[in-house]
Amino acid sequence: MSQLLTYVLLGLPYGCIYALIALGLVLTYKSSRVFNLAFGAQAYVSAVVFYVAVRSGHWPIWAAGLVSIVVVGPLLGLLLDRLLFRHIRVAATVVKLGAAIGLLLGIPEITQVIVGTQPQDNPPSLFLPPSWVFKLAGTRVNGTEVSTVLAAAIVVVGLWVLFRFSTLGLEMRAVSESPRMVELVGVNSGEVSSVAWMLSSLLAGLAGVLLAPLFATLDSYNFTLLLIAAIAAAALGGLASFPWTVLGAVAIGVAQEVMTGYLPLNSVLASGLRPALPFVVLILALLFHPGLRSSQDEGDPLASCDPPPLRAVPVKAHREHLIDLSLPSLFTPLVVALAIGSCLTWVPQIWVGVITVGLTYATILLSLTVLTGMGGQISLCQATFAGIGAFAAGQLATHLGLGFIEGLAIGAVLAGVLGLLLALPALRLGGLALALGTLAFALLADNLLFPLSWVGNGQSGVYVPRPQIGPISFAGTRSFFLLVLAVLVICGVAIALLRKGTTGRFLAAMGGSEVAAGAIGINVHWAKMTAFVVSAVIAGIGGAMYGSYQGAVGADNFNTLISLLYLVLVVTFGVKTVAGAVNAGLAYAVLDHLLASAPSRFGGLAALLFGMGAVAFALHPQGLADLFTARWKDQLDRLRHPWHGRETVEVS
Amino acid sequence: MALLEAIGIAKSFGGIHALSELSLRVEAGEAVGLVGPNGAGKTTLFNCLNGVERPDTGTVIFAGHRIDGLPIHRRARLGIGRTFQRLELFSGLTVRDHLLVAERVRRGGGRMRVWRDLLDMGGPTAQEQAGVDRTLDLLGLVPVAETVVDALTLGQGRLVELGRALAGEPLLLMLDEPSSGLDTSEASELAGVLNKVRHDSGTAILLVEHDMDMVHQVVSRLYVLDLGHLIAEGDIDKVLADPKVRSAYLGQEV
């Protein structure tokens, strides 16, 4: 009994910290319809500011706490609200998520650029130090744990009082129902929602500073995991109920520690299931919480007063040719042929390698062109599918002596099967719920699937051979480049054909409106499954090609952060077109290569740039590449037809 | 036998009875109106009939099939087409694309056919294009055929929804406030189109509408719904003269 109590007491502080972030998630989701995945990153920022102020600046603890939690936290929230989130309130879910993920990836990188990457060991405690220990019911409890629980409890009670008894609380509750209605009775709903953002960012900052001393080193990854646990708690509360969110958070924190205590040591269950618990809870909550499935777009009775939502498509009719490289049509074949010819002859091997890697990324990203671009479904687990393809190809070659091509085919099929298995429970989900479900699935694969020796083989990784077709070996850099190019072209053409045909039309209809697609006779479940399977197969193929280029790949090459990066990449470059995926893959590979030689604090700059790209995209949702091409085309048109007035340039 | 026969449909949300035990019948080729104040349950009834929602109790029989257990797309393929009060357009697609999707569903029986697409046999056929052109012409949508629907006015959007439903060549067309967003002359034009469709293809029409002029132009029989109950049904002029209907819906002064 006292043993159980020990674990419960150990889990409480974690649960309380989860609760702080989860409350922030629910608060901002209710008041601005944005699910802010960046709270983990915001918590990290406050923790770093606190650390630097105390350890490097030798500030007194109270001053550092005040600045990091009460100043930096809300200020960041206010900035994000004013500059970004309030402008995308009614945007498509993929736009909002892309922006939030951009911040999730970008904010830790900015922080590292500023403070450097030296390890930040032994983070200080805000209140009582961990060395201060006393006994509670026969269990040792340290000061950090006690102060964490107390601080969280005070905040929760404070929030309850605020919402229950103050005018501001009443206004916030009203804004979460209908900002337009609130404006009609004379309340500035923008200001109220800014307050909600500042308040929830303050909670995130507090959570960050409280969480830091529970770990030996400040590591942004711990804050990402913190975020996931908070998401699970928010899902338990149906993204709406504050009390259930707090209870859920505490329960998750406690359950994790209890599991650590009672599960057999050194088993996959102990090493994998404990960290995976929040993801399992998240999946179950998404599937079985009645409020979540239908929670996407109900809401404001005055919604029609808002301007039409920003869409991830241009308002111009977008007729894609088989392969539209978004360049003037005469140019395209010439430039592409020149580039390919150069890669096969005089371009240095190292750059051919970079371009090859870019093309494998592009192949993987095409999977999102199908799923998100054509079908309107958001997946945050494409790297998992890619990983299955790569690992299958590698494992089959290593253990069964199969050739790469056979392994690639089997890997692609396995990825497709996994896609189907994921699609079946996901059929009922849409929008944000689907995105969160795939996120949990990716994290589950990271923790339970990829560490297995017969899958990803954990940190040691899997050896993946270069292909050999009959007598022809593709081991050389240039020949492999050609093969990767061929695979990309095949996938690209396949997608263009699907888009042109029945599949593309049905998927587009489903992405536009599931109800209406059903009402004209389209089996939406079937369409969704098809999209997931095709997408997973393409990701699997791309993953295998990527693995073959790298020679050896491990779980780190295909983890959840990579999945998030994929979404941000295609979202930035245009999720609708094959060209968007190709541009995104190449750009990321080139930038990553150029930054590899930069000082370590700039190592994550590629992620930062694309993160910011996604944020910029949120404000220009046709995709930056498409936007610039459109402008360029306009310029060209004007040069060609200078006598045409601007008005007569037809939109068609 | 009636084309559509709904018997004892009930639906509640939480504790609210949106529909209580109501029955409704539409004969083949007949135009029937469904009116009532806002919140009477008209859209909920539509949703229960075409499968967006499942009724709690009740039976729906359509063209000889019992359909209340069928998913929405199966009901559509049996010949129920509908439009939505709050527009449900396929965002990002052009007007022509909307009609092409519906044409393809009808001609292909709704099958996806990934392999045919991969063999480049999935593009729009000449018959499909001709069918689309006819619908565009019928509804006067030719000038906006290549426009993405997000850029259309509300009224044009309603016409696109109507066209999309018509492209499925339904036996029964359920229209949910098709004239809202149209001006009087456009509404009257729309009534003409509906009458023409019914006359030419024998499509039955179930019309939810507040514009009583339009209801008069299109339907011959009327159901009046109030708070989930059917309060009157029958020949349109008799129903509209009913004092109960006048107090519940039309007001005394009409």
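Both backbone and side-chain heavy atoms feed into the values below; hydrogens, waters and symmetry mates do not. Proteins come first, then strands; the chains are lettered A, B, ... in the order of their sequence lines, and each starts at number 1.
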Q: Select, from B/G123, B/G51, B/A102, the one with the greatest count of heavy-atom pairs under 4.5 Å involving chain A.
A: B/G123

Q) For the atom pair OG (A/S513) and CD (B/E161), what is the distance rounded to the nearest 0.5 Å? A) 8.0 Å

Q.
Within a 6.0 Å radius of atom CZ on B/R77, are there more than 12 heavy atoms belonging to other residues, nucleotides or ligands?
A. yes

Q | Side chain B/D117, main chain A/L497, donor-acceptor under 3.5 Å | A | no

Q: Report the option among A/G518, A/G511, A/A494 that has the most heavy-atom pairs separated by less than 4.5 Å from atoms of chain B.
A: A/G518

Q. So with a 6.0 Å cut-off around NE2 of B/H210, is the heavy-atom count from everything else above 12?
A. yes

**Q.** Side chain proximity check, B/F90 to A/I520, heavy atoms < 4.5 angstrom
**A.** yes

Q) Which heavy atom in B/A76 sits nearest to a heavy atom in A/G521, and how many Å separate them? A) CB-N, 3.3 Å

Q: Please name the pair of heavy atoms, one in B/N50 and one in A/A519, separated by the smallest distance, quoted to 0.1 Å.
A: ND2-CB, 3.9 Å

Q | Heavy-atom side-chain contact between A/V515 and B/R86 under 4.5 Å | A | no

Q) Taking side chain as C-beta onward, heavy atoms only, is B/P71 less than 4.5 Å from A/H525? A) no

Q: Could you check which of B/G122, B/G81, B/G108 has the highest count of heavy-atom pairs closer than 4.5 Å to chain A?
A: B/G122

Q) Is it the case that B/R113 and A/T502 place a side-chain donor and acceptor less than 3.5 Å from each other? A) no

Q.
Taking every non-hydrogen pair under 4.5 Å, which of B/V114, B/V149, B/I80 racks up the most with chain A?
A. B/V114

Q: Please flag which part of A/T530 lies under 4.5 Å from any non-hydrogen atom of chain B: side chain, backbone, both or neither.
A: side chain

Q. Non-hydrogen atoms of chain A under 4.5 Å away: do they reach the side chain of B/L89, the backbone, both or neither?
A. backbone

Q. Mind checking whether A/F506 and B/R104 have side chains closer than 4.5 Å, heavy atoms only?
A. yes

Q) Any side-chain heavy atom of B/H73 within less than 4.5 Å of one from A/I522? A) no

Q. Chain A heavy atoms under 4.5 Å from B/R106: which part of the residue, side chain, backbone, both or neither?
A. neither

**Q.** Part of B/E128 within contact of chain A (heavy atom distance under 4.5 Å)
**A.** side chain

**Q.** Contacting moiety of B/V52, where chain A heavy atoms sit under 4.5 Å
**A.** side chain

Q: Using non-hydrogen atoms and a 4.5 Å limit, figure out which bit of B/L154 sits close to chain A: side chain, backbone, both or neither.
A: neither

Q. Can you check whether B/M112 reaches A/L507 side chain to side chain, under 4.5 Å on heavy atoms?
A. yes

